[in-house]
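Take a look at the structure set out below.
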Amino acid sequence: MTGVTLPDMSSFDESDAFESASLSARAMAARPMPYLNELNPAQREAVERLDGPVLMLAGAGTGKTKALTARIVHLLNTGRAKPNEILAVTFTNKAAREMKNRVGGMLGHAVEGVPWLGTFHAICVKLLRRHAELVNLKSNFTILDMDDQNRLLKQLIVANGIDEKRWPARLLSSLIDGWKNKALTPQKLPAGDAGAFNHRGGELYDQYQQRLRELNAVDFGDLLLHMVTIFQEHPDVLAQYQRWFRYILVDEYQDTNVAQYLWLRLLAGGHKNICCVGDDDQSIYGWRGAEVGNILRFEKDFPGAHVVRLEQNYRSTPHILAAASNVIRGNADRLGKTLWTETEEGEKVRLIGHWDGEEEARWIGEEIEAMQSGTRGLRAMSLNEMAILVRASHQMRAFEDRFLTIGLPYRVIGGPRFYERLEIRDAMAYFRLVVSPEDDLAFERIVNTPKRGLGNVAQQKIQTCARSNGVSLVEGARILLEEKGLGGKGAKELALLLENLARWRGNLIGPQTTLPDDDAVLDDGPDLASPVFDELGGRPTPNAGVAAVGHIELAEIILDESGYTTMWQNDKTPEGPGRLDNLKELVKALENFDNLQGFLEHVSLIMDNESDDAEAKVTIMTLHGAKGLEFPAVFLPGWEDGLFPSQRSMDESGLKGLEEERRLAYVGITRAEEICTISFAGNRQVYGQWQSQMPSRFIDELPEDHVDILTPPGLYGGGFGAASRPTATALDERVANANTYNSPGWKRMQARAGERGMSQPRESKSSVIDASAVSSFTVGDRVFHQKFGYGAILKIEGDKLEVAFEKAGTKNVVASYVTGSDDIPF
DNA sequence: TCCCCATTTGTTTTT
DNA sequence: CAAATGGGGA
């Protein structure tokens with residue numbers, strides 16, 4: 001069925017399949033190794049100690065990526081491993097991409113690349129496709145995103161007669177994610193956990209896993225969970241991979257969760273050639289199940305582990321480094337590192353307070369423009385060299401608004417993602433359904449989009465029919481039509497849809513839902529490493545010539561014939577045109593793939609949207625998103641208690657949460673190379689309400705000697721008091737108490753906030769009548785309503801009024817929507 | 001069945 | 001203040 005035959009895994013071990021690679025590896029052994037000379041002693045040690053367990057403790061900016069990359073190159077150059085015998089795990093796809101490029105660059109010649117370099121998830125997909133049957137899945141399983149996951153859970157909750165209001169699907173979904181992060185299958189779930197979610201958690205989890213199996217689908221957590229299960233229950237399979245992956249490298253080890261940890265430990269169990277790189281101070285994914293403990297106990301897990309510390313920082317100025325170090329020392333339980341640098345003094349960290357968030361955005365905008373033109377007295381910087389790092393994505397809007405009005409080019413990373421947009425998800429659902437007709441979730445999503453007269457009732461019928469026949473919804477719909485269980489417009493439209501789906505499917509190229517018998521889809525031929533396909537899944541399709549239409553045309557046809565494009569063309573909301581543009585972009589993105597299947601897989605895993613356009617732009621992103629990146633100039637706005645550190649984090653995880661927030665602060669500061677500007681605002685709009693804000697307790701932890709307090713005219717607030725600076729010991733004490741509310745800076749700010757009357761409720765349209773006014777209504781009052789006009793109150797029930805309108809008749813309205821007619825202006 | 005608008009809800013962070 | 005949801009009217 002497939003044209004290309006590649007060696008499968010079993011032949012791999014002993015085989016000649018990669019003879020050519022092996023030859024070139026040997027040939028490489030003789031090559032000079034100039035990259036070694038560019039490393040400092042610690043880095044060099046981490047690179048050259050190839051065998052046995054190695055833990056590289058690499059502080060921020062100490063060149064860990066360089067070391068990691070050099071290590072891969074060294075493994076290849078010394079002939080120690082062939083490219084495909086190296087397993088390298090990164091945290092993000094972006095990091096994987098970068099490392100691939102750097103390996104190529106360092107080798108100085110074209111290589112086929114390191115095929116097993118990717119995120120845990122990407123690698124697990126490849127593995128799981130091979131062994132899907134061991135966990136009762138088919139190799140062409142679909143990967144659900146969170147939206148699908150939630151909808152599925154919602155269905156289950158409702159089916160179990162649980163009130164979805166009180167027990168929302170989102171909660172269950174996060175519980176299940178948590179369990180999966182800990183590698184807990186429903187069977188292994190401790191009784192305490194199973195009792196969560198109104199005593200039904202374990203049960204629902206079990207049902208959910210079962211349902212996923214029926215749908216031949218997995219969610220994100222399953223990718224790892226299933227592989228761990230497979231490794232645990234099939235020693236032969238595990239042994240095969242232990243032999244295959246002779247060297248293992250792991251980046252961002254501090255962010256691995258239990259499942260990932262188990263996965264690694266199993267794989268490295270044989271040879272123990274594992275090198276983990278991480279920085280406990282940069283562990284910021286605890287909320288996602290990451291266990292800092294993994295890095296802390298590495299030496300116990302791998303006795304005789306060699307620990308290398310990278311402490312020379314090449315990124316930031318001493319001031320920036322000092323600020324970061326002083327903040328992070330407030331955390332207990334650190335492995336402890338002493339970062340040092342030889343770079344020049346540079347600017348102190350700058351701290352500034354503002355009246356409100358708007359002013360903060362305005363000031364930063366001006367500052368960016370000044371820095372861009374060099375009027376700051378510093379070198380002129382490109383916008384590409386500047387970034388604004390926020391705690392939560394909703395903070396981005398203020399900057400977008402401001403930059404839009406002043407025409408400052410910016411790029412948002414990690415905002416609302418392309419593939420999460422409604423129209424893209426709809427389009428993708430069509431594609432999914434064409435690729436796998438059994439994808440019930442996709443079917444549900446698009447049966448009635450665009451409107452086909454198939455509402456709740458009709459859909460219910462399809463569901464019932466499918467269920468009673470034990471088939472997919474598409475098939476169920478077909479049977480339903482056959483049995484004439486549906487009439488009218490809906491029936492006709494449904495028939496047309498099914499017909500279309502079948503026809504589109506006929507035009508599909510590439511491997512379809514039938515299983516590839518020789519694993520050609522999964523294996524890694526050289527092309528997997530080509531730039532176009534470097535993520536995964538986008539493998540050139542064998543026998544591509546068979547089909548009449550290319551997949552790009554097919555996609556266009558699908559969107560066209562389904563009426564989906566038309567639907568948006570007829571849409572009169574302002575978003576319409578933008579949505580059509582997005583659809584065009586989606587089709588364009590297909591160009592990088594050879595078939596729809598590959599594309600769908602890509603999308604399900606690659607959630608970072610790269611937009612590397614030529615124009616220089618300021619980057620706006622979250623602190624989490626900034627990990628691993630660096631910028632000459634960094635702005636850190638919103639350092640206010642409750643926002644950063646986030647109230648929720650502290651409420652939910654207490655001191656642990658606060659410490660994670662502090663690490664986030666550390667990550668933020670250490671992103672800066674030359675200039676780091678921290679700011680806070682005294683007032684901020686939260687949920688549309690004005691709230692007065694306290695400066696972040698982290699501000700009190702900044703070392704005064706390394707901080708410049710900027711005081712532009714009209715500035716409100718201003719950080720710590722100059723005279724009453726806490727000494728280092730006082731600081732230690734405060735930190736130990738984990739309570740900075742007593743610091744001088746704190747009190748000072750509080751006093752200022754009060755005296756300036758910082759919280760000033762603002763009038764808003766919807767509060768023309770507030771709660772007190774509501775009670776002032778009396779039956780018989782004449783009132784005015786925006787839509788219905790004038791009327792008289794017939795009845796009052798709490799805040800609900802029954803009003804007889806003169807033109808619109810009698811309506812029930814909420815009191816806040818009407819005005820007493822006396823209050824009406826003009 | 002669909003559309004509109006009133007009402008509720010939510011904001012960390014993401015592979 | 002949004003976006004998402006849900007109820008009522010056409």
Side-chain angles (χ1 to χ4, degrees), chain A residues 89-96 118-125 143 145-146 164-165 168 170 174 177 180-181 219-224 252 255-257 259-260 283-290 389-398 413-414 416-417 420 422 448 450-459 488-490 493 572-573 575 604-608 621-627 638 642-653 657 660-661 663-664 667-668 684-690 762 764-767 785-788 799-800 808-809 811-817:
Chain A
V89 193
T90 59
F91 193 64
T92 61
N93 294 297
K94 199 168 49 184
T119 62
F120 278 103
H121 298 272
I123 288 167
C124 280
V125 175
I143 303 165
D145 57 26
M146 284 182 314
E164 213 267 333
K165 277 266 154 58
R170 305 182 25 144
S174 74
D177 277 346
K180 289 187 175 176
N181 286 337
D219 63 21
F220 250 72
D222 279 338
L223 294 173
L224 270 143
E252 309 283 12
D255 287 322
T256 50
N257 61 35
Q260 292 163 336
S283 162
I284 53 175
Y285 283 95
W287 51 273
R288 209 171 77 187
L389 309 181
V390 298
R391 171 69 247 264
S393 44
H394 63 84
Q395 291 173 260
M396 295 178 180
R397 181 179 305 152
I413 299 200
R417 290 167 228 236
E420 281 171 16
L422 177 84
N448 203 29
K451 300 280 179 280
R452 295 194 172 89
L454 297 161
N456 278 337
V457 182
Q459 288 184 40
K489 181 175 172 251
E493 289 273 3
K572 56 213 175 298
T573 63
E575 298 102 68
S604 57
L605 290 167
I606 315 304
M607 295 308 264
D608 56 359
M621 64 173 138
T622 63
L623 287 162
H624 284 88
K627 191 161 76 152
L643 184 58
F644 185 46
S646 133
Q647 192 58 51
R648 187 153 163 192
S649 172
M650 292 187 294
D651 289 348
E652 281 173 11
S653 320
E660 182 152 314
E661 296 288 307
R663 289 194 290 270
L664 211 40
V667 168
R684 203 173 281 279
Q685 240 175 344
V686 181
Y687 287 138
Q689 293 286 112
W690 283 97
R762 195 179 263 199
S764 75
K765 281 165 272 162
S766 56
S767 63
H785 186 278
Q786 288 279 358
K787 265 263 135 52
F788 304 135
D799 59 342
K800 298 221 184 348
K811 306 260 183 213
N812 285 313
V813 294
V814 167
S816 57
Y817 280 85

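Order of the sequence lines sets the chain letters (A, B, ...), proteins ahead of strands, with each chain counted from 1.
For the pair A:T622 and A:Q395, the minimum side-chain heavy-atom distance is 4.5 Å or more.
Across all non-hydrogen atoms, the minimal contact from A:E660 to A:I284 is OE2-O, 3.1 Å.
A:E164 comes within 4.0 angstrom of nothing in the nucleic acid, heavy atoms only. Heavy atoms of A:R663 sit nowhere under 4.0 angstrom from any nucleic acid atom. Using a 4.0 Å heavy-atom cutoff across all strands shown, A:Y285 reaches sugar-phosphate atoms only and no base atom. Nucleic acid contact class of A:F120 (heavy atoms, under 4.0 Å, all strands): none. Using a 4.0 Å heavy-atom distance criterion, A:V686 is classed as making no nucleic acid contact.
Within a 6.0 Å sphere centred on CZ of A:R397, other residues, nucleotides and ligands contribute 12 heavy atoms or fewer.
Following rounding to the nearest Å, A:K180 (NZ) and B:dT14 (P) show an atom-to-atom distance of 21 Å. Rounded to whole Å, atom P of B:dT14 lies 12 Å from atom CD of A:E660. Straight-line distance from the CZ atom of A:R170 to the P atom of C:dT5: 11 Å, rounded to whole Å. A straight line from CD of A:Q647 to P of B:dT13 spans 16 Å, rounded to a whole angstrom. Atom CG of A:D219 and atom C1' of B:dT15 are 12 Å apart (whole Å). In this structure, A:H624 atom NE2 and B:dT15 atom C1' are separated by 13 Å, rounded to whole Å. To the nearest angstrom, C1' of B:dT13 lies 10 Å from CE of A:M396.
Comparing A:I284 and A:G453 along DNA chain B, the residue whose closest nucleotide (by nearest heavy atom) sits nearer the 5' end is A:G453. When the nearest nucleotides of DNA chain B are assigned to A:D177 and A:E652 by heavy-atom distance, the more 5′-ward of the two goes with A:E652.
Listed for the A:Q260 side chain is a donor-acceptor partner under 3.5 Å among the backbone atoms of A:N257. Between the side chain of A:Q459 and the main chain of A:L454, a donor-acceptor pair closer than 3.5 Å is present.
Look at A:S649 and you won't find any side-chain N or O under 4.0 angstrom from OP1 or OP2 of B:dT13. In this structure, A:K165 reaches the C:dG6 phosphate: one of its side-chain N or O atoms is under 4.0 Å from OP1 or OP2. For the OP1/OP2 pair of B:dC2 and a distance below 4.0 Å, the side-chain nitrogens and oxygens of A:N448 include at least one atom meeting the criterion. The phosphate of B:dT14 has neither OP1 nor OP2 within less than 4.0 Å of any side-chain N or O from A:T92.
Between the base of B:dT13 and the side chain of A:R288 there is no donor-acceptor pair shorter than 3.5 Å.
Nearest to the side-chain atoms of A:R397 among the listed nucleotides B:dT1, B:dT13, C:dA2 stands C:dA2. For A:K451, the listed nucleotide lying nearest its side chain is B:dC3; candidates were B:dC3, B:dT15, B:dT13.
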